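Just so it is clear, the model here is predicted, and its values are computed rather than measured. Numbered from 1 within each chain, the chains take letters A, B, ... in sequence-line order.
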Protein chains: 2
Amino acid sequence: MKQKTPPACPMDSILRLLMGPWTTYILWVLSDGGPQRFGALKRAVPGISTRVLTERLRMLQAAGVIWRDQTQTIPPAVTYGLAERGDDLRQVLESLGEIAQRWQYEGAFETDLPRDFSSTVD
Amino acid sequence: MKQKTPPACPMDSILRLLMGPWTTYILWVLSDGGPQRFGALKRAVPGISTRVLTERLRMLQAAGVIWRDQTQTIPPAVTYGLAERGDDLRQVLESLGEIAQRWQYEGAFETDLPRDFSSTVD
DNA sequence: ATGGATGGTTACTTTTTCGTGCCTACTTAT
DNA sequence: ATAAGTAGGCACGAAAAAGTAACCATCCAT
């Protein structure tokens with residue numbers, strides 16, 4: 001028996017959706033560059049693996065944040081784009097982005113960052 | 001050469017701060033119940049381990065989202081509370097929470113959920 | 001003196017995730 | 001014919017994160 005289920009609020013679900021390393025970036029790419037195909041997305045999110053990109057897209061699609069359009073041509077062309085819920089999300093994420101920018105300007109994020117983020121060195 | 005560093009925006013930093021399984025719940029507890037001591041927080045977030053609670057609190061404090069007040073009594077009493085940045089965050093998180101509630105009402109979150117969330121069975 | 005509470009830290013172990021490589025199935029280019 | 005591209009799926013291993021337990025130092029109650 002695991003019994004995690006920490007919050008009573010659905011907040012956790014939505015955060016779980018957005019939390020992954022690349023998720024919001026994918027949303028930003030789709031919101032900024034419009035509907036795109038899988039390969040274009042992969043190129044627009046440099047460093048992501050196909051595995052994770054696929055997983056993220058499926059999650060977002062399952063939650064109705066993005067849509068997926070697959071044409072049954074012989075090399076199947078799949079296009080992804082923001083759905084209505086993606087737009088809901090985009091607005092909140094923009095607010096969050098503004099806060100993030102202000103904080104970065106003020107020098108938060110200097111002392112934390114658990115992962116190897118912002119380590120452009122090799 | 002890892003070269004992750006996906007986004008050019010500081011969005012990722014702030015998300016990394018909030019992403020952990022319990023982080024926003026801790027913020028909600030602090031915002032809802034006011035400044036509290038470590039033990040009270042741990043009790044208010046049932047299921048969290050001291051390790052993760054400590055880590056989250058330190059991250060949040062390092063980012064200036066919460067403050068930490070330690071009285072040098074003999075069993076040291078440490079109190080945490082929302083700082084100004086926590087209030088910035090709280091507003092956005094409330095918007096996100098509203099969206100999350102609406103989505104849950106509409107039945108998003110039915111088909112995804114990568115983890116064992118909402119599986120109260122053993 | 002022993003046990004419990006406070007507020008953690010550290011080490012050990014497990015769980016989960018992520019990256020990589022290999023595979024499909026078909027088409028186009030060479 | 002072979003290689004590459006399209007859109008992933010699958011499996012293995014590595015890495016990171018999280019849980020667990022023990023421990024610290026001190027005080028109070030028993």
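Distance CD1 (A:Ile26) to P (C:dC18): 11 Å, rounded to an integer number of Å. Atom C1' of nucleotide D:dG8 and atom CG of A:Asp69 are separated by 16 Å, given to the nearest angstrom. Rounding to whole angstrom units, CG of residue B:Leu53 and C1' of C:dG7 are separated by 10 Å. In this structure, the CE atom of B:Met59 is 14 Å from the C1' atom of D:dA16, given to the nearest Å. Computed from coordinates, the A:Leu17 CG to C:dT17 C1' distance equals 16 Å when rounded to whole Å. Separating the NZ atom of A:Lys42 from the C1' atom of C:dC18 is a distance of 13 Å, rounded to the nearest angstrom. Rounded to whole angstrom, the span from the CD1 atom of A:Ile48 across to the C1' atom of C:dC18 amounts to 10 Å. A straight line from CZ of B:Phe38 to C1' of D:dC24 spans 15 Å, rounded to a whole angstrom.
Here A:Arg51 does not reach the OP1 or OP2 of C:dC22: none of its side-chain N or O atoms lies under 4.0 Å away. Residue B:Trp22 has no polar side-chain atom (N or O) positioned under 4.0 Å from OP1 or OP2 of D:dA17. Between A:Arg58 and D:dG9 there is a side-chain polar atom (N or O) within less than 4.0 angstrom of OP1 or OP2. At D:dG8, one or more side-chain N or O atoms of A:Arg68 fall inside 4.0 Å of OP1 or OP2 (strictly under the cut-off).
The nucleotide whose nearest atom lies closest to any side-chain atom of A:Glu55 is, among C:dG8, C:dC18, C:dT6, C:dC18. Considering only side-chain atoms of B:Ala77, the nucleotide from C:dG7, D:dA18, D:dA7 that sits closest is C:dG7. The listed nucleotides are C:dT6, C:dG8, C:dC18; the one nearest the side chain of B:Arg37 is C:dT6. Of all nucleotides listed (C:dC18, D:dT6, D:dG19), D:dG19 comes nearest to the side chain of B:Val52. In this structure, the nucleotide among D:dA18, C:dC18, C:dG7 sitting nearest to the side chain of B:Arg56 is D:dA18.
With no hydrogens or angles considered, a side-chain donor-acceptor pair links B:Arg56 and B:Thr23 at under 3.5 Å. A:Gln70 and A:Arg68 share a side-chain donor-acceptor pair at under 3.5 Å.
Here the closest heavy-atom approach between residue A:Arg85 and residue A:Ala63 is recorded as NH1-O, 2.7 Å.
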Side-chain donor/acceptor pairs under 3.5 Å, residues 89-100 of chain A, sequence neighbours excluded:
from    : atom 1 : to      : atom 2 : distance (Å)
A:Arg90 : NE     : A:Asp87 : OD1    : 3.3
A:Arg90 : NH1    : A:Glu94 : OE2    : 2.7
A:Arg90 : NH2    : A:Asp87 : OD1    : 3.4
A:Ser95 : OG     : A:Gln91 : O      : 3.2

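As judged by a 4.0 angstrom heavy-atom cut-off over every strand, A:Ser49 is placed among the base-contacting residues.
By the side-chain hydrogen bond (donor to acceptor under 3.5 Å, both in side chains) test, B:Thr50 is found to be paired with no residue, residues two or more places apart in sequence or in another chain being considered.
Between B:Thr50 and B:Pro75, the residue whose closest nucleotide on DNA chain C is further toward the 5' end is B:Pro75.
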